[in-house]
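Computed from a prediction, not measured in an experiment: that's the story for all the values here. Residue numbers start at 1 and run along the sequence shown.
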Amino acid sequence: MCTKQLVAVKLIVALQLAYFDLREGIMKKVLISILLAFVLSIIGISVGGCHGLGETAAERSDDHKRQRTLNDQMFVDDVDAVFQTDRPSRLTEDTVR
């Protein structure tokens, strides 16, 4: 081999090494991006939860109705406690209600 061929071979080898280094850097960035997306999605799912994903409109309506009923019951209990009608007064033997 002559010197021109050696220089050409060295140049080709150097270009291939640079290409693989560049490719390796890109691969690292892609892997880091994928890992970051995975971690963020796990955090998002754990914070947001999965409630309501498989719920039908009827189930949602039942949930809202039950919650309204519970809220109404708690409100009546609070009003009874304020006006002290939640338990007998024991001032008389007769039933007051």
Side-chain angles (χ1 to χ4, degrees):
M1 285 183 147
C2 70
T3 56
K4 287 184 181 182
Q5 288 175 339
L6 285 175
V7 170
V9 169
K10 286 182 181 180
L11 182 62
I12 290 172
V13 169
L15 287 175
Q16 286 178 345
L17 289 175
Y19 172 75
F20 287 124
D21 287 342
L22 178 65
R23 189 171 165 197
E24 185 177 308
I26 292 172
M27 293 287 279
K28 281 183 182 178
K29 288 180 183 179
V30 168
L31 288 176
I32 289 172
S33 298
I34 291 172
L35 182 64
L36 181 63
F38 178 73
V39 169
L40 289 176
S41 65
I42 293 297
I43 290 171
I45 289 172
S46 65
V47 169
C50 297
H51 177 71
L53 289 179
E55 236 178 1
T56 63
E59 290 171 334
R60 231 180 354 265
S61 177
D62 289 342
D63 287 345
H64 291 161
K65 183 178 177 183
R66 187 176 63 248
Q67 190 60 46
R68 279 193 307 268
T69 303
L70 289 173
N71 285 342
D72 292 343
Q73 289 173 356
M74 288 188 290
F75 178 73
V76 169
D77 289 342
D78 291 342
V79 169
D80 286 346
V82 167
F83 291 113
Q84 297 180 356
T85 59
D86 56 340
R87 58 185 176 270
S89 67
R90 298 194 176 125
L91 295 176
T92 181
E93 295 177 1
D94 299 330
T95 303
V96 176
R97 287 192 175 209

(request) Please lay out, stage by stage, how Arg68 and Asn71 fare under the test side chain to side chain contact (heavy atoms under 4.5 Å, CB included). (result) CA-CA 5 Å; Arg68 279 193 307 268; Asn71 285 342; 5.6 Å; no
(message) Test question: given the 4.5 Å side-chain rule for I, L, V, M, F, W and Y, name all other residues clustered with Leu40, or answer none.
(response) Leu36
(request) Measure from the side-chain N and O atoms of Ser41 to the backbone N and O of Ala37, and report whether any donor-acceptor pair falls under 3.5 Å. (result) yes
(request) Calculate, to the nearest 0.5 Å, the distance between atoms OG1 and NZ belonging to Thr69 and Lys65 respectively. (result) 6.5 Å
(message) Test of understanding: with salt bridge (charged side-chain N to carboxylate O under 4.0 Å, His left out), list the residues that count as partners of Arg66, not counting sequence neighbours.
(response) Asp63
(request) Nearest 0.5 Å please: distance from the CG atom of Asp62 over to the OG1 atom of Thr56. (result) 8.0 Å
(message) Test of understanding: clusters of I, L, V, M, F, W, Y form through side-chain heavy atoms closer than 4.5 Å, transitively. Do Phe83 and Phe75 belong to the same one?
(response) yes
